[in-house]
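Heads up, the thing below is written out as structure tokens.
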Amino acid sequence: MIVVSVKENESIDKALKRFKKKFEKTGAWKEVRARQHFVKPSVSRRKEVIRAAYRQKMRDLDS
């Protein structure tokens with residue numbers, strides 16, 4: 001559970017912003033989206049390999 005204490009004279013907007021940052025760092029929303037449908041392990045590995053190749057290609061272009 002994420003706990004955000006609201007300090008005295010602090011606006012709710014700032015506290016909400018802190019909550020959103022903490023929530024995003026946990027990766028809970030990403031996990032919820034990933035669990036909506038099953039992806040075969042071979043497909044997920046293939047996607048990772050494609051992403052890694054793309055990243056490597058972009059690094060090589062920058063250098």
**Message:** Which heavy atom of V3 sits nearest to which heavy atom of K22, and what is that distance?
**Reply:**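 Of all heavy-atom pairs spanning V3 and K22, the closest is O-NZ, 3.1 Å.
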
**Prompt:** So which heavy atom on V6 is nearest to which on A15, and how close?
**Reply:**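 Minimum heavy-atom contact is CG2-CB, 3.9 Å.
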
**Message:** What's the separation between atom CD in Q56 and atom CG in L61, rounded to the nearest 0.5 Å?
**Reply:**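 Separation between the atoms: 10.5 Å.
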
**Request:** Would you kindly confirm whether V49 and V39 end up in one hydrophobic cluster when ILVMFWY residues are joined by side chain heavy atoms under 4.5 Å apart?
**Result:**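 As far as the 4.5 Å side-chain criterion goes, V39 and V49 are not connected within one cluster.
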
**Request:** Check whether any side-chain heavy atom of K40 lies under 4.5 Å from a side-chain heavy atom of F38, and answer yes or no.
**Result:**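 Yes - at least one pair of side-chain heavy atoms lies under 4.5 Å apart.
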
**Minimum side-chain heavy-atom gap R18-K14 below 4.5 Å** =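 No - every pair of side-chain heavy atoms lies 4.5 Å or more apart.
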
**Asked** Does atom CD of E10 have more than 12 heavy-atom neighbours, drawn from other residues, nucleotides or ligands, at distances under 6.0 Å?
**Response**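 Enclosed.
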
**Prompt:** For N9, does the CG atom sit with more than 12 other heavy atoms under 6.0 Å from it, leaving out its own atoms?
**Reply:**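 Atom CG in N9 is not packed in, count stays at 12 or less.
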
